[in-house]
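See structure below.
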Amino acid sequence: MDSEKFKDIEKKWQKRWDEAGIFEADADKDREKFFLAHAYPYPSGPTHHGHARAYLFDDAIARYKRMKGFNVLYPMGWHCTGNPAMIKAEKIRKGDRDTIDKLKEAGVPEREVKKLKDPYRYVRFFATESDLSYKNCLKTVGCSIDWRREFMTIDDTYKKFIQWQYSRLRKLGYVQQKEYPVIWCPEQEMPLGDNDVEDESQGAEAEEYVAYKFMVEEDGEEILLPAATLRPETIYGVTNMFLNPGLDYVVADVGNERWLLSQEAYEKMGYQREDVSLVEEFSVEDIIGKYCKNPVTEKDIIILPADFVKGDSATGVVMSVPAHAPYDHIAIKELKKREDVLKKYNIDTKDLDFDYISLIDLEGYGKYPAVEIADEMGIEDMNEERLEEATKEVYRKEFHKGTLSENTGYPGKKIDEIKDKVKEDMLARDLAEIYYDTNKPIVCKCGAMGVVKLVDDQWFLRYSDREWKDISLDLLNRATVIPDKYRKELNYYLDEWMGDKPCARKKTLGTELPFDKNWMVEPLSDSTVYMAYYTIAKTINQKKIEAEDLDSSVFDYVFWGKGDPKKCKMEEDVLGEMREEFLYWYPIDMRIAGTEHLSNHLSFMIFHHAALFDEDRWPRGITIHGMVLDENGNKVSASKGNGYSMKEIAKGGVVDAMRIGMYAKSSPWDDIKFGKKEVDRTIENVSSRFQKMVRYVDMVKEAPEGKEDVFDRWIVSKMHRHIKKTEDAMERLELMEAVNHSFYGAFNDIKKYINKKDSPNRKVLEEVIGIWIRILAPFAPHLCEELWEKIGGEGFVSVAEWPRSDSDAIDRVAEKEVELGDMVEDDIREIKDITGMDRLEQIRIVVSAEWKWKMRTAVEEGKDLSELMEKDMFRRQGKVAARYFQELKEEHQIEELMDVDEELQALEEMKGRFEETFGAKVVIEREEESQEDKAAKARPGKPAIVLKD
RNA sequence: GCGGGGGUACCCAAGCGGUCAAAGGGGCUAGGCUUAGGACCUAGUGGUUUAGUACCUUCGCAGGUUCGAAUCCUGCCCCCCGCACCA
């Protein structure tokens, strides 16, 4: 069978499954249910084989559970709320070449590209409406989804569900409004997450600077120099001020004060407070060389020129603490050498001879750690790259180990403990203000430069709430987490890491907050309890329920059983059906998501379920999937083009082989290296096994009826073990292990069976193949469906009953016999190799003497030598017996073996096999009867072998 | 920095106190099959050694616990992932 044939098989069975609706699941009180849901995908672009892996994990579970008799609900929806599609659509509208070319490259037809400037069209296109879509991806790889429950998060009906959720959360007191600094795109007027900014800006964050108000008098007017620092405690060590005469500065009214700011800082400040207005441009050359007053120590310090001060970072006003900041130290050192500069600003060299002020005691260092570390690292000038490193080093050490000195307001206090207190005190005394800036320049994907905006009415979810955390932890404790190692991480996120989270934004695709229509629910926050929506989505879709009929009273009734169903704008039986479906399917049994979702989607899911649902509706299981990397360890992604597109997969007839490859590569939660080359190789390899499998299946019909021998008993036994092992692995979701048994293990054993037997026994082969097809069906469903039909299996194998592992069919003796046979065969071969005999005349296999068996048992029972030697049977053997006794003693565990007669019989059964393999006559005899010297080498379970050529 | 996970033979990857010189897959080597190649089958794949045995060295590095450690403990080195308002 070639891949063309496989392709037909895929399409054929996908169509039949669809037509028969076998994956459609309805509430059925007589059957036990299993409800699993994967994180619904965000349709941001074309799909590739990396996406497929995640869903194939679910599919194998769903299929396995179905065969185990569960009524399985496996639904899928589309997460369309959020910004990426909006940004992409906007770029297309603007005619951005790069975006458009990439889409074309990915296979989006020319005339379709233009239409994608509509974000709604964009998400639909990539969710469901093209062969590049996620839906097509899932269908291509054969996911057994109940498509009647499909929805998009931009559906009006879904929005009603979100509004219900938020109005209820607010009633519970978990939603709150407060001030919040966000990274903001002034162009698009919306906050920026990491996904919204260019790569080089990723990981940026808003930093909170404390701007100390130093005062200088200029033309009889007080101007404040807001020196921004991340280390407010160092205010006690300021020796001078740095301004950059090469920058544009302005004087601005800030509140009722007059501030000096860099041009950029002035502009940015407008996003953080409203009472800022421009007074005039200002040349700082006028005040360089003058003195200004430290607001805390009230010391006068000199203002020095510094070209390292940047205008786009913080305020453009920098206070200098040379004792503890290497930059400042080096800058002063350098300036001392620059006579031309000093002269220009009329600065006397004596003015630079101030002493550094130490304010932090740090073990292992003297008064000026910054100087010491700079010297140690050999840093001479401002261009030195390692200056940054030195700064971090000083900062880290002082922060963790340093204490404030006597000359500060907080003598003896540890920096890491007092830092916030210093800030609060200074703010309270009005000596400083907060100013936010980003820690690196932010370039929005739209091209604009990002700023920090202070939003004063941001809506938050109060994840910091202790009580809420506690019930969430309770939920986690009751749930299964697979693998359990992620429980720790989740626990940490829930218990400690999570703080209040902004849950709404002004502009995005999504749902309006029901109590404040200016805000849209932020896209991570509308994806928390949507699994409950699947239970009713079928009814909503089929009965074409309108959004306006889905007011909160409906959800109160369906999810909580509260309120009067008669008051809902809905027919009672429709409402009843939704209620019934919810009660039947909920809670969710297994929620699947990627590792990157532990700290958001999964944590939020836990919080929201804990808040909104009773304990008996709490999620029961959580599991994690890893991602697919290419050969260089990079994530496979559409933009990198390092993955196979679903279009390519769909035409290849390679789905089942790819599935097996992915499952077998490693545990589902680990990342796999599975680049294109590897995919090719794996597919080729697995496909060739598939072809052999097909051949084995074909052999069933031709196989003769025959008498059962040891190999028949052996293969049946092995297959029953594979059932059991696959089952055990599946219960732990260890797909790799499951596939190792159901595919590779079964394959190798069946191959061996067919090779060792002259002709396989029909009845046995039939049973074996029947088992094999079924235990492989969750992993290679299309092929198994085809083979199932071929052997005349009833109905679809996808919903066939999982084979029972029958303990009676496990035949330990047969297994032992075959193992013995293998071992003897190996030994014969080895001796043959060592002796260099190429043609054997005769092989004598000598089974160990009976007394050796007896002694084994005796030793196992703990008898000692003298006790044993009292018996004739052993005493007759003399020294040999004593030596064998020692030998046995040295074994730690005595392996369970057949007895003498069984071993003899087993070898008799294997005789034909040995004769055939080695082309020699085989004689089997007992040690007691043997004439051979080497017979004495025989041991129980290890007969002696004598070769003659 | 905080939190989590890892380092296993040529490569990927299991194992997580004795049955471990270490599953499985790939690669490689030899033999068979074949007109030849591919595919397929069979065997081998740390070292020394041997009529099928035995011994030595090996699971990031260094110590420790134990009759016994890839597996447990301690320290060190290195790698990966997440750190939010973004899906």
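All values derive from a computational prediction rather than experimental measurement.
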## Note on the structure
Checking N1-N3 plus N6-O4 or O6-N4 for Watson-Crick, or N1-O2 and O6-N3 for wobble, each under 3.5 Å, the partner of B/rG82 is B/rC2
### Summary
With the side chain defined as heavy atoms from C-beta on, A/N755 is closest, among B/rG82, B/rU42, B/rG24, to B/rU42
### Summary
Side-chain atoms of A/K942 come closest, of B/rU53, B/rA87, B/rG5, to B/rU53
### Message
Using the side-chain heavy atoms of A/N740, tell me which of these nucleotides is nearest: B/rC85, B/rA87, B/rA23.
### Response
B/rA23
#### Entry: Who pairs with B/rG27 - Watson-Crick or G-U, where each distance is under 3.5 Å
B/rU45
### Task
Tell me whether the OP1 or OP2 atom of B/rG52 has a side-chain N or O from A/K934 closer than 4.0 Å.
no
### Message
Can you confirm whether or not the ring centre of A/Y493 sits under 6.0 Å from the ring centre of A/Y486?
### Response
no
### Query
Is there a donor and acceptor pair closer than 3.5 Å between the side chain of A/Y492 and the base of B/rC2?
no
### Task
Run the salt-bridge test on A/R812 and A/E815 with the 4.0 Å N-O cut-off and return the result as yes or no.
yes
### Query
Looking for any heavy atom pair under 4.0 Å, which part of the strands does A/G499 touch: base, sugar-phosphate only, or nothing?
base
### A/L490 CG to A/L602 CG distance, which is reported to the nearest 0.5 Å
6.0 Å
## Note on the structure
When rounded to whole Å, the CD to P distance for the pair A/E830 and B/rA30 reads 21 Å
### Query
Between B/rA87, B/rC85, B/rA13, which nucleotide has the shortest distance from any of its atoms to the side chain of A/M736?
B/rA13
### Query
If we call it a pair only when both distances are under 3.5 Å in a Watson-Crick or G-U wobble match, what pairs with B/rA22?
none
### Query
Between atom CG in A/L735 and atom P in B/rA13, what is the gap in whole Å?
17 Å
### Query
Expressed in whole Å, how much space separates the P atoms belonging to B/rG32 and B/rG38?
14 Å
### Message
Using OP1 and OP2 only, check whether a side-chain N or O of A/R689 sits under 4.0 Å from B/rG26.
### Response
yes
### Query
Of all of residues 659-667 of chain A, which get a heavy atom below 4.0 angstrom from RNA chain B, listed by number?
A/K665, A/S666
### Message
Salt bridge or not between A/E398 and A/K419? Use side-chain N to carboxylate O under 4.0 Å.
### Response
no
### Query
Got A/W78 and A/I154 here, is their nearest side-chain heavy-atom distance under 4.5 Å?
no
### Message
Looking only at the side chain of A/Y744 (C-beta and beyond, no hydrogens), which of the listed nucleotides B/rG5, B/rC85, B/rG25 gets closest?
### Response
B/rG25
### Message
Which nucleotide wins on minimum distance to the side chain of A/H597, given the candidates B/rA84, B/rA87, B/rG3?
### Response
B/rA87
#### Entry: Phosphate contact (B/rG25 OP1 or OP2) by A/N748 side-chain N/O below 4.0 Å
yes
### Query
Taking atom P of B/rA23 as reference, at what distance in whole Å does atom NE2 of A/H722 sit?
17 Å
### Task
Inspect the contact between A/R913 and A/D822 and indicate whether a charged nitrogen and a carboxylate oxygen are less than 4.0 angstrom apart.
yes
### Task
Using atom CD1 of A/I834 as one end and atom P of B/rG44 as the other, report the distance to the nearest whole Å.
13 Å
### Task
Tell me whether the OP1 or OP2 atom of B/rG52 has a side-chain N or O from A/K832 closer than 4.0 Å.
no
### Task
Decide whether a cation-pi geometry holds between A/K692 and A/F747; the criteria are a distance under 6.0 Å from NZ or CZ to the six-membered ring centre and an angle within 45° of the ring axis.
no
### Query
How many Å lie between NZ on A/K485 and P on B/rC16, as a whole number?
14 Å
### B/rU42 phosphate, OP1 or OP2, under 4.0 Å from A/K752 side-chain N/O
no
### Task
Among B/rC41, B/rG82, B/rG4, find the nucleotide with the atom closest to the side chain of A/K751.
B/rC41
### Summary
Ranking B/rA87, B/rA51, B/rU53 by distance to the side chain of A/I831, first place goes to B/rA51
### Task
Rounded to the nearest angstrom, tell me the gap between atom CE in A/M627 and atom P in B/rC80.
12 Å
#### Entry: Nearest-Å distance for atom pair NZ/P, residues A/K673 and B/rG6
17 Å
### Task
Could you check how far CD of A/E596 sits from P of B/rC80, rounded to whole Å?
18 Å
#### Entry: Validation row, ring centre A/F607 to ring centre A/Y463 under 6.0 Å
yes
### Query
Looking at A/R732 and A/D728, does any basic side-chain N land under 4.0 Å from a carboxylate oxygen?
no
